[in-house]
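Beneath this line is the structure, given in structure tokens, with notes to follow.
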Amino acid sequence: EHYRNLQQLLDNAAVVVSTRSISVAFFRQDERVMKAVLKTTKDRSEVYLTTLHVSDESAIRRALKKNAVIKNEYGGV
């Protein structure tokens, strides 16, 4: 079920942070918080999904505090 909603999560993420130079985390909250992490190869020619799971609001707050913020439409911080 989560994979079916992956594109919607990526397109409509409320929070997007750069977790490392080659990784980006996306958070979206509907009925529950979902987290997806994409990682690129060093030459950025390929993109891989490394994480897709149910998360929580505290994970969003931690991500916003310790990572470079690309997008923040989260009202809980």
Side chains of Y74 and E57: donor-acceptor distance under 3.5 Å anywhere?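 Yes, a side-chain donor-acceptor pair sits under 3.5 Å.
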[X] side, atom [atom1]; [Y] side, atom [atom2] - distance, nearest 0.5 Å:
{"X": "S21", "Y": "K39", "atom1": "OG", "atom2": "NZ", "result": "9.5 Å"}
{"X": "E73", "Y": "N12", "atom1": "CD", "atom2": "CG", "result": "9.0 Å"}
{"X": "K42", "Y": "I22", "atom1": "NZ", "atom2": "CD1", "result": "7.0 Å"}
{"X": "N72", "Y": "I70", "atom1": "CG", "atom2": "CD1", "result": "11.5 Å"}
{"X": "R28", "Y": "I60", "atom1": "CZ", "atom2": "CD1", "result": "12.0 Å"}

Identify whether V47 and Y3 are in the same connected component of the hydrophobic contact network (ILVMFWY, side-chain heavy atoms under 4.5 Å).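 V47 and Y3: one cluster.
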Would a 4.5 Å heavy-atom cut-off, applied to side chains only, mark [X] and [Y] as touching?
{"X": "L52", "Y": "L9", "value": "yes"}
{"X": "H2", "Y": "M34", "value": "yes"}
{"X": "V24", "Y": "V37", "value": "no"}
{"X": "L6", "Y": "L49", "value": "yes"}
{"X": "F26", "Y": "L38", "value": "yes"}
{"X": "N67", "Y": "S18", "value": "no"}
{"X": "Y48", "Y": "T41", "value": "yes"}

Return the set of residues passing side-chain hydrogen bond (donor to acceptor under 3.5 Å, both in side chains) with D56 (not counting sequence neighbours), or none when no residue passes.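 In terms of side-chain hydrogen bond (donor to acceptor under 3.5 Å, both in side chains), with neighbours along the sequence ignored, D56 is linked to S58.
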Does the pair V33 and V54 meet the rule for a side chain to side chain contact (heavy atoms under 4.5 Å, CB included), with working shown? CA-CA 6 Å; V33 175; V54 175; 6.0 Å; no
What are the two closest heavy atoms between A59 and F27, and how far apart are they? O-CZ, 4.0 Å
Contact summary for K35 and A25, nearest pair of heavy atoms: CE-CB, 4.3 Å
